[in-house]
Amino acid sequence: MDESWLCSQVCANCLYAGIIVIMKRPQYHFTPPRNWMNDPSGLIYLDGKYHLFYQHNPYSVKWEHLHWGHAVSEDLLTWHHLPLALRETEEGVMAYSGCTVFDGNNTSGFGTSNNPPLIAIYTEADGRIQAQSLAYSLDRGINFTPYEDNPVLDIFTPHFRDPRVFWYNDHWVMAVALAEEDTIRFYGSPDLKTWELLSDFGPHGAIADYWECPDIYPLNLNGQTRWILQVSVGDHTPMGGSGIQYFVGHFDGVQFTTKQEAVKWMDYGQDFYAAQSWLNAPQLTTIGWMNNLAYANASPAAEWRGQQSLPRHLSLVNFAGDAYIKQQPIPIASHYKDYWHFDKPRGELDFYGDALDIKAKFSGEFTIRVNNTVIGWVHDSLFVDRSASENIKFHPEVSTRHEAPLFFALEEVRIVVDTHSVEVFAGPLTISSLVFPTKQELWVGGEVNSLEVWRS
Ligand code: FRU
């Protein structure tokens with residue numbers, strides 16, 4: 001099948017009327033079969049399969065009419081698309097982001113002890129009020145039935161969204177955003193239907209704009225449990241537009257606390273948002289929407305618009321005396337076709353590709369230009385510069401250079417390049433960027449000692 005599409009929509013949506021972007025399906029990244037996609041939602045690992053639900057408009061490539069799309073995978077690389085899981089109602093109430101939980105003890109009573117339900121907890125948004133609702137599935141996530149007494153949590157406020165629910169000892173806990181108050185509110189429940197207020201966290205850290213899409217999970221640090229609270233910030237981040245901050249702290253089933261003062265960012269690029277981790281997965285793994293609220297509706301599109309990031313394994317590691325999340329891409333070796341190894345490479349390297357996995361080791365500042373995007377180390381920052389990448393100025397808020405502070409000794413980077421993205425991983429830093437290159441090249445300068453390249 002020819003998977004290249006001439007983009008027609010982008011010409012109408014972008015500032016540069018007349019741009020023609022050739023959109024080629026990514027190799028490692030999830031895209032919807034058609035139309036609009038934003039946040040990953042409802043991520044859960046069940047019966048050996050990773051479920052990925054996502055914010056989806058089945059009618060066009062624009063953000064509106066939000067439903068939940070659905071796909072499953074055994075390896076997080078090859079996805080099988082499934083029918084829509086949740087729908088906008090006939091009255092136009094949209095199904096915003098949320099989560100799913102497997103109610104193994106049938107605490108909700110939606111299933112039986114022999115056939116416990118998978119339950120989606122999501123925000124219903126009617127344009128006036130946002131409230132939390134349930135839908136249950138008795139066939140392990142294929143068909144969902146909305147609960148007849150929805151919503152189950154309504155405080156009659158317009159910016160209350162993105163419930164993240166998990167089981168803690170003997171009760172369900174929900175973290176949910178009071179977006180305009182820069183607060184994550186925690187609720188507890190015995191049965192997912194009745195919710196009691198537990199505590200509030202925030203405002204704290206980056207509060208220049210609204211908070212949404214909380215995620216919360218434990219990670220091990222030198223044999224001790226730390227809890228991470230991750231919060232998406234809607235605008236005015238240092239990266240430009242939206243981004244994700246996280247807090248390292250403690251959670252006792254009721255309240256999240258932290259001593260952290262400095263803001264920690266999950267990603268220093270402009271294209272990693274609303275990330276969520278898979279509940280019950282063998283290894284803690286997250287995925288984010290590769291776009292930015294500031295310009296998503298104008299980003300180049302074909303018959304689909306939007307891709308998810310590479311799924312990433314998360315761990316907590318000490319760098320320069322403080323605890324940071326380290327993200328590592330899931331294994332993608334099953335896609336590799338060719339391999340090269342270069343010792344002290346300099347200048348243009350004689351091969352090309354649009355899906356590459358690159359490992360570079362170096363002893364000082366360097367520059368690697370790959371398919372028109374420049375990745376490098378200069379002074380005390382790691383940067384990604386996409387200004388030479390064509391088709392990138394589709395919106396005034398797209399910034400072309402992204403820098404992350406190098407506060408630790410850097411010796412190696414991993415760069416995963418796909419048809420429309422570059423993701424850079426270096427210790428606790430990641431920089432994720434959408435790109436729309438027309439040229440294939442690899443050029444190396446500076447103190448690179450070795451370069452390994454796998455092409456898919
Ligand atoms: C984040 C977000 C969520 C909301 C969803 C609606 O991108 O704004 O807060 O639930 O998108 O599509």
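Computed over heavy atoms, backbone and side chain alike; hydrogens, waters and symmetry mates excluded. For reference, positions follow the sequence shown, starting with 1.
The ring of Trp227 has its center closer than 6.0 angstrom to the ring center of Phe251. Ring centers of Tyr59 and His67: under 6.0 Å apart, within the cut-off.
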Between Tyr210 and His159, does the ring pair (Phe, Tyr, Trp, His ring centres under 6.0 Å) criterion hold? Intermediate values first, please.
CA-CA 9 Å; Tyr210 53 87; His159 297 287; 7.5 Å; no
Is there a ring pair (Phe, Tyr, Trp, His ring centres under 6.0 Å) between Phe407 and Tyr324 once you walk through the steps?
CA-CA 12 Å; Phe407 56 89; Tyr324 292 89; 4.9 Å; yes
Could you go through the ring pair (Phe, Tyr, Trp, His ring centres under 6.0 Å) check for His51 and Tyr45 one step at a time?
CA-CA 6 Å; His51 288 256; Tyr45 182 74; 9.1 Å; no
Derivation of the ring pair (Phe, Tyr, Trp, His ring centres under 6.0 Å) call for Tyr122 and Phe53
CA-CA 11 Å; Tyr122 60 105; Phe53 301 90; over 10 Å; no
Please evaluate residues Phe102 and Ile44 with respect to the criterion side-chain contact (heavy atoms from CB on, under 4.5 Å), reporting the C-alpha separation (whole Å), side-chain torsions for both, the decisive distance (0.1 Å), and the verdict.
CA-CA 8 Å; Phe102 182 63; Ile44 194 161; 4.1 Å; yes
Go through it in stages, so that I can follow the logic: the residues are Tyr268 and His402, the test is side-chain contact (heavy atoms from CB on, under 4.5 Å), and I'd like the CA-CA distance, side-chain angles, deciding distance and then a yes or no.
CA-CA 7 Å; Tyr268 285 85; His402 299 108; 5.5 Å; no
How far apart are the C-alpha atoms of Tyr217 and Gln230, what are their side-chain angles, what is the distance that settles it, and do they pass the side-chain hydrogen bond (donor to acceptor under 3.5 Å, both in side chains) test?
CA-CA 9 Å; Tyr217 44 84; Gln230 200 183 288; 2.7 Å; yes
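A donor and an acceptor atom, one from each side chain of Thr257 and His250, are nowhere located under 3.5 Å apart. Donor-acceptor pairing under 3.5 Å is recorded for the side chains of Asp103 and Ser108.
Using a 4.0 Å cut-off between charged nitrogen and carboxylate oxygen, Lys259 and Glu261 do not count as a salt-bridge pair. Salt-bridge check for Arg312 with Asp267: passed, with a basic side-chain N closer than 4.0 Å to an acidic carboxylate O. Between Lys361 and Glu411 no salt bridge is recorded (no basic side-chain N to carboxylate O distance below 4.0 Å). A salt bridge between Glu303 and Arg25 is present, with a side-chain N of the basic residue lying under 4.0 Å from a carboxylate O of the acidic one.
Annotation: side chain of Val424 is not in contact with side chain of Thr430 (no heavy-atom distance under 4.5 Å). Between Leu66 and Asn38, some side-chain heavy-atom pair lies under the 4.5 Å cut-off. Contact of the Asp235 side chain with the Ser242 side chain is not registered, since no non-hydrogen atoms from C-beta on lie closer than 4.5 Å. Side-chain contact between Gln307 and Leu434 is present, with at least one heavy-atom pair separated by less than 4.5 Å. Using a 4.5 Å cut-off on side-chain heavy atoms (C-beta onward), Met174 and Pro163 make contact.
A search for side-chain hydrogen bond (donor to acceptor under 3.5 Å, both in side chains) contacts involving Ser309 returns nothing, not counting sequence neighbours. Scanning for side-chain hydrogen bond (donor to acceptor under 3.5 Å, both in side chains) contacts around Asn372 gives Glu390, with sequence neighbours left out. Every residue two or more places apart in sequence or in another chain that forms a ring-ring contact (aromatic ring centres under 6.0 Å, His included) with Phe30 is listed here: Tyr54, Trp79, His81. Looking at residues two or more places apart in sequence or on another chain, you find no side-chain hydrogen bond (donor to acceptor under 3.5 Å, both in side chains) involving Ser315. Among residues two or more places apart in sequence or in another chain, the side-chain contact (heavy atoms from CB on, under 4.5 Å) test is passed with Pro329 by Leu310, Arg414, Val416, Phe425. Partners of Thr373 by side-chain hydrogen bond (donor to acceptor under 3.5 Å, both in side chains), not counting sequence neighbours: none found.
Between Tyr50 and Trp278, the ring planes are perpendicular. Angles over 60° get that label, and only those under 30° would be called parallel. By the 30° and 60° cut-offs, the orientation of the rings of Trp172 relative to Trp167 is perpendicular.
For Ser97 against Asp162, the heavy-atom pair with the smallest separation is CB-OD1, 3.4 Å.
Without hydrogens or angle criteria, His171 side chain to Tyr168 main chain gives a donor-acceptor distance under 3.5 Å.
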